[in-house]
Amino acid sequence: MVVDRRALALMVVLVLAGCGEPAPRTGPPPIVEAAPVVSGEAAPVASSGAGPVVSSGPALLPGAAGAGMLPRVVRHGPRDGNRVALTFDADMTDAMAVRLRRGEVKSYANLRLLGILEKRRIPATFFVTGQWAEEYPEVTRRIVGNPRFEVANHSYEHAAFTGDCYGLPRVGPADMTEDVAKTFRVLEPFGGRQTRYFRFPGLCHDRAALRALAPLGVTVVDGDVVSGDPFARGPDPVVDAVLSQVKPGSVVIMHVTEANALYTDDALPAILAGLRRRGLEPVTLSELLAG
């Protein structure tokens, strides 16, 4: 099956449109305006010399960077191995929450997908919005309770961080830092394999958005394989989109939001089989970027 990758990339973002306070500081550290690394390989993070990361805990987590550093932007990992990272976004917008309350959709948590990953012992990284974790605390506990899974930050309510992001409502510039910080606070009590990775809703970001994240000491992760699962009308286009693009070091973007990505669980076994045929090994994002 021939897949228009640009169309898939557009569709995956289009569907997303429907789809405590920070610790007191005496003043934010200065932002070091080094250009972010848009690449695959995880280079050592330079120190800003401006003070510690938000707390001693995050500094020890995968993806942690020096507070005040303009975040790196990572699209893929090293190309010289056989590892790939399967990442699953857990979106939850205000509009999605309303549809759930009204009974217009059954669920935005794909438990069958989780079961497949668990049964086959497949490592995965979940980019979770704060609202999704609050809506599905038991599912979130199930994810963090699996030592093969890790969690990352996907904003609080999946709003846009730029002015033109495929129709998503926008986070105000003054609220960007708190939106992401709030999600870290929501996720932290769940425990498990926490990270300081962040993925922008719709993958939309500019320099202003990156500057807003600088105080939080994060690494921004996009991805180089867009599955197109939210708008797929069956599993085959999802399988083809992934297997036609994937290569060593790839970061694959899929979704665990069942009602907004109906066929991801059906596509997953064929995707896993295709990765095996290519000799590609799924690992967590932190394992991929560690080398």
Side-chain angles (χ1 to χ4, degrees), residues 3-19 38-40 63 72-77 79 83-93 108-110 113-114 116-117 122-129 132 143 149-155 158 160-161 165-166 168 195 197-205 218-232 235 237-258 260-268 270-272 274-275 280 282-289:
V3 176
D4 186 329
R5 297 179 194 170
R6 293 181 181 176
L8 279 173
L10 175 59
M11 287 191 296
V12 70
V13 183
L14 282 173
V15 77
L16 297 179
C19 331
V38 184
S39 80
R72 290 188 308 135
V73 180
V74 176
R75 294 189 63 247
H76 59 80
R79 297 296 197 190
R83 293 178 161 192
V84 297
L86 301 182
T87 70
F88 297 88
D89 291 357
D91 307 341
M92 179 63 68
T93 67
Y108 289 113
N110 195 327
L113 183 151
L114 287 179
I116 293 171
L117 294 170
I122 303 297
T125 301
F126 291 83
F127 281 86
V128 180
T129 59
W132 192 91
I143 290 171
F149 297 161
E150 65 184 7
V151 293
N153 190 320
H154 194 36
S155 81
H158 205 269
F161 283 65
C165 190
Y166 307 97
L168 283 169
T195 72
Y197 296 123
F198 175 76
R199 175 171 287 157
F200 283 98
L203 305 184
C204 299
H205 50 80
V218 301
T219 296
V220 172
V221 178
D222 287 346
D224 64 327
V225 177
V226 177
S227 70
D229 55 348
F231 242 112
V238 180
V239 175
D240 189 68
V242 173
L243 296 183
S244 65
Q245 300 176 75
V246 72
K247 61 187 69 174
S250 282
V251 175
V252 181
I253 303 173
M254 293 183 278
H255 292 77
V256 69
T257 47
E258 182 176 17
N260 273 7
L262 290 172
Y263 301 102
T264 313
D265 51 353
D266 292 326
L268 186 56
I271 290 172
L272 295 174
L275 295 178
L280 296 175
V283 296
T284 61
L285 184 61
S286 62
E287 291 166 332
L288 178 70
L289 298 184

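Residues: numbered from 1 along the sequence shown.
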For residues Val246 and Val84, determine if any side-chain heavy atom of one lies less than 4.5 Å from a side-chain heavy atom of the other.
-> yes

Shortest non-hydrogen separation from Leu275 to Pro282 and the atoms involved | CD1-CG, 4.1 Å

Contact summary for Val225 and Val242, nearest pair of heavy atoms | CG1-CA, 3.9 Å

Check the pair Met254, Ile271 against side-chain contact (heavy atoms from CB on, under 4.5 Å), reporting the backbone distance first and the verdict last.
-> CA-CA 11 Å; Met254 293 183 278; Ile271 290 172; 3.9 Å; yes

Shortest non-hydrogen contact between Arg83 and Glu287, atoms and distance = NH1-O, 3.2 Å

Between the side chain of Thr125 and the main-chain N/O of Leu285, is any donor-acceptor distance below 3.5 Å?
-> yes

Heavy-atom pair of closest approach, residues His76 and Val74 | O-CG1, 3.4 Å

Would you name the heavy atoms of Leu272 and Ile116 that are closest together and state the gap between them?
-> CD1-CG2, 4.4 Å

Apply side-chain contact (heavy atoms from CB on, under 4.5 Å) to Ala124 and list each qualifying residue two or more places apart in sequence or on a separate chain.
-> Phe88, Leu117, Phe126, Phe149

Please test Phe161 against Ser155 for side-chain contact (heavy atoms from CB on, under 4.5 Å), starting from the C-alpha separation and ending with a verdict.
-> CA-CA 10 Å; Phe161 283 65; Ser155 81; 4.0 Å; yes

Rounded distance (nearest 0.5 Å) linking atom CD1 of Ile122 with atom CG of Leu114 | 13.0 Å

Taking only residues two or more places apart in sequence, or in another chain, which ones meet Tyr197 in a ring-ring contact (aromatic ring centres under 6.0 Å, His included)?
-> none

Dump the intermediate steps for side-chain contact (heavy atoms from CB on, under 4.5 Å) on Asn153 and Val218, then the final yes or no.
-> CA-CA 10 Å; Asn153 190 320; Val218 301; over 6 Å; no

Residues which pass side-chain hydrogen bond (donor to acceptor under 3.5 Å, both in side chains) with Thr195, listed by chain and number, not counting sequence neighbours = none

With sequence neighbours left out, what residues match Asp266 under side-chain contact (heavy atoms from CB on, under 4.5 Å)?
-> Arg112, Pro235, Tyr263

Whether Phe127 and His154 hold their rings parallel, tilted or perpendicular, with breakpoints at 30° and 60° = perpendicular

Note: Leu168 and Pro201 closest approach over all heavy atoms is CD1-CB, 4.1 Å

Check step by step if side-chain contact (heavy atoms from CB on, under 4.5 Å) holds for Asp222 and His205.
-> CA-CA 10 Å; Asp222 287 346; His205 50 80; 3.1 Å; yes

Interatomic distance, CD@Glu258 vs CG@Leu113, rounded to 0.5 Å, equals 9.5 Å

Hey, does Arg199 have a side-chain heavy atom less than 4.5 Å from the side chain of Val251?
-> yes

Any sub-3.5 Å donor-acceptor pair from Glu150's side-chain atoms to Ser286's backbone N or O?
-> yes

Sorted by chain and number, sequence neighbours left out, side-chain contact (heavy atoms from CB on, under 4.5 Å) with Ala261 holds for Asp229, His255, Thr257, Thr264

Please examine the side chains of Asn260 and Tyr108, heavy atoms only from C-beta on, and report whether any two atoms are closer than 4.5 Å.
-> yes

